[in-house]
Amino acid sequence: VQTVNCEPGMFDVVIVDEASQSGPEALLLNYIADKMIVVGDDKQIAPRYIGVNRDDVTRLRQMHLSEIPHSEAFDLDGSLFSLANLRFSAKVRLREHFRCMPEIIQFSNRLSYETEPLIPLRQFGAGRLEPCKTTHVPEGYREGKSSNVVNKPEAAKLVDQIAQCVEDERYEGKTFGVITLLGQAQKSVIEDLLVQHIGVEEIERRELLCGRAYDFQGAERDVIFLSMVDAPVEGGMLRMVR
């Protein structure tokens, strides 16, 4: 809509991909299309509205949308996909998955798709890399508060593993990504260590992106490293992260 002069019914069909990352503002696409195909997944991350006041949204919705059925769905928690899922019955469930190794798909199935599991289609030979690997860092500890939480021993161990993979011929030509699962500060710690240990040139060659899950929507990498960041404090149990 930013590249055309908008008129009603400009297109016969508009296809909205990754609609679970688009908010209610994407309903504008209804204006320019006779029909809309909405593609998305409510198990994926939803749009983020940083700095938007929830009370303002509620007030405006009550002022202008109160007569629309299910008007409560026009909020900061929903998406274009959730709105379509609520209002339309003609749904086609896509279940075949061709990108990830079967073990990774099974993890997703256990977590989110137990009743309608995804069917992994990717073929692989006998000499493949281990698809899922968990490494315990017993010396790891959490420090800092809120979004400034870091786990420096875990960051060091993770970067050391990436350096080993860079030298391993089995990973030749593979792209890497690092997702930090708690706060933003760990990202900076890992990036600084990567520059020191493998260098900027190798970072660029590997398209090595470090960030949150949001940063990897539509940005595939061959290998993803997850930094959990969290750890028990002073011998206590881990707190629940919702």
Side-chain angles (χ1 to χ4, degrees), residues 1-100 105 108-109 111-113 115-119 121 146-147 175 177 179-184 187 207 209-221 224 241-242:
V1 296
Q2 293 177 330
T3 58
V4 297
N5 295 319
C6 293
E7 297 176 359
M10 293 179 63
F11 301 97
D12 296 321
V13 180
V14 163
I15 302 173
V16 187
D17 195 14
E18 299 285 8
S20 52
Q21 271 110 79
S22 298
E25 68 277 0
L27 287 168
L28 172 63
L29 297 171
N30 275 323
Y31 178 73
I32 64 172
D34 292 332
K35 294 182 179 180
M36 181 187 289
I37 298 174
V38 179
V39 185
D41 185 349
D42 58 0
K43 300 296 191 295
Q44 294 186 5
I45 55 178
R48 303 177 77 235
Y49 298 97
I50 298 173
V52 178
N53 188 298
R54 186 177 294 271
D55 292 337
D56 290 342
V57 174
T58 301
R59 178 175 53 81
L60 289 168
R61 186 180 70 228
Q62 291 171 346
M63 286 174 58
H64 300 292
L65 304 179
S66 59
E67 296 181 2
I68 296 178
H70 307 298
S71 64
E72 70 281 356
F74 295 96
D75 59 14
L76 296 182
D77 300 314
S79 65
L80 178 62
F81 181 82
S82 65
L83 288 170
N85 197 36
L86 175 66
R87 295 171 186 274
F88 302 111
S89 59
K91 303 167 188 173
V92 177
R93 178 85 160 83
L94 304 179
R95 295 178 56 188
E96 295 180 341
H97 192 102
F98 56 89
R99 285 176 176 163
C100 301
I105 301 306
S108 297
N109 284 340
L111 184 70
S112 300
Y113 308 107
T115 56
E116 294 182 285
L118 300 173
I119 303 166
L121 298 182
S146 188
S147 61
T175 57
I179 297 178
T180 60
L181 295 182
L182 188 65
Q184 290 268 45
K187 168 181 179 290
E207 299 178 33
L209 174 65
C210 184
R212 302 160 304 154
Y214 283 94
D215 300 317
F216 284 85
Q217 284 301 128
E220 286 185 17
R221 296 297 187 272
I224 292 288
V241 179
R242 302 189 62 178

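Count residues from 1 along the sequence.
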>> Whether the side chain of Ser71 engages the backbone of Glu67 through a donor-acceptor N/O pair (distance < 3.5 Å, no angle test) should be reported.
In response: no
> For Val39 and Ile15, what are the C-alpha separation, side-chain angles and deciding distance, and is it a side chain to side chain contact (heavy atoms under 4.5 Å, CB included)?
Replying inline: CA-CA 7 Å; Val39 185; Ile15 302 173; 4.2 Å; yes
>> Quick one about Tyr49 and Asp77 (side-chain donor to acceptor, distance below 3.5 Å, no hydrogens or angles considered), yes or no?
In response: no
>> Between Asn85 (side chain only) and Phe88 (backbone N and O only), is there a donor and an acceptor less than 3.5 Å apart?
In response: no
> Does a sphere of radius 6.0 Å around CG in Asn5 hold more than 12 heavy atoms from other residues, nucleotides or ligands, not counting ones at 6.0 Å or beyond?
Replying inline: no
> Does the side chain to side chain contact (heavy atoms under 4.5 Å, CB included) test come out yes or no for Glu7 and Ile32, once each step is laid out?
Replying inline: CA-CA 6 Å; Glu7 297 176 359; Ile32 64 172; over 6 Å; no
>> Does any part of the side chain of Val4, heavy atoms only, come nearer than 4.5 Å to the side chain of Met10, both counted from C-beta?
In response: yes
>> In the structure I gave you, are the side-chain heavy atoms of His97 and Leu121 within less than 4.5 Å of one another anywhere?
In response: no
> When rounded to the nearest 0.5 angstrom, what is the spacing between CG in Asn109 and CG in Leu118?
Replying inline: 5.0 Å
> Would you find a donor on one side and an acceptor on the other, under 3.5 Å apart, between the side chain of Ser82 and the backbone of Ser79?
Replying inline: yes
>> Keeping Arg54 on the side-chain end and Asp75 on the backbone end, is there a donor-acceptor pair under 3.5 Å?
In response: no
> Any ion pair linking Arg95 and Glu116 (charged N to carboxylate O, less than 4.0 Å)?
Replying inline: no
>> Could you measure the distance from the CZ atom of Arg93 to the CG atom of Asp41? Nearest 0.5 Å is fine.
In response: 7.0 Å
> At what distance, to the nearest 0.5 angstrom, does CZ of Arg59 lie from CG of Asn53?
Replying inline: 8.5 Å
> If you measure from CZ on Phe81 to CG on Asp42, what distance do you get to the nearest 0.5 Å?
Replying inline: 5.0 Å
> Are the side chain of Arg99 and the backbone of Glu220 linked by a donor-acceptor contact shorter than 3.5 Å?
Replying inline: no
> Taking all non-hydrogen atoms of both residues, which atom of Phe216 and which atom of Leu209 are closest, and how far apart?
Replying inline: CZ-O, 3.3 Å
> In Å, rounded to the nearest 0.5 Å, how long is the span from CG of Leu29 to SG of Cys6?
Replying inline: 8.5 Å
> Below 4.5 Å, heavy atoms only, C-beta onward: do Asp12 and Lys35 meet side chain to side chain?
Replying inline: no
>> Has Asp215 got a side-chain atom pairing as donor or acceptor with Arg212's backbone, closer than 3.5 angstrom?
In response: yes
> Do Leu80 and Pro24 have side chains that get closer than 4.5 Å, going by heavy atoms?
Replying inline: no
>> So, taking the atom named NZ in Lys187 and the one named CG in Leu182, what distance separates them when rounded to the nearest 0.5 Å?
In response: 15.0 Å
> Val13 and Ile37: side chain to side chain contact (heavy atoms under 4.5 Å, CB included), yes or no, with the steps?
Replying inline: CA-CA 7 Å; Val13 180; Ile37 298 174; 3.9 Å; yes
> What's the verdict on side chain to side chain contact (heavy atoms under 4.5 Å, CB included) for Phe74 and Thr58, showing C-alpha distance, side-chain angles and the deciding distance?
Replying inline: CA-CA 9 Å; Phe74 295 96; Thr58 301; over 6 Å; no
> Can any side-chain N or O of Asp34 pair as donor or acceptor with the backbone N or O of Gly9 at less than 3.5 Å?
Replying inline: no
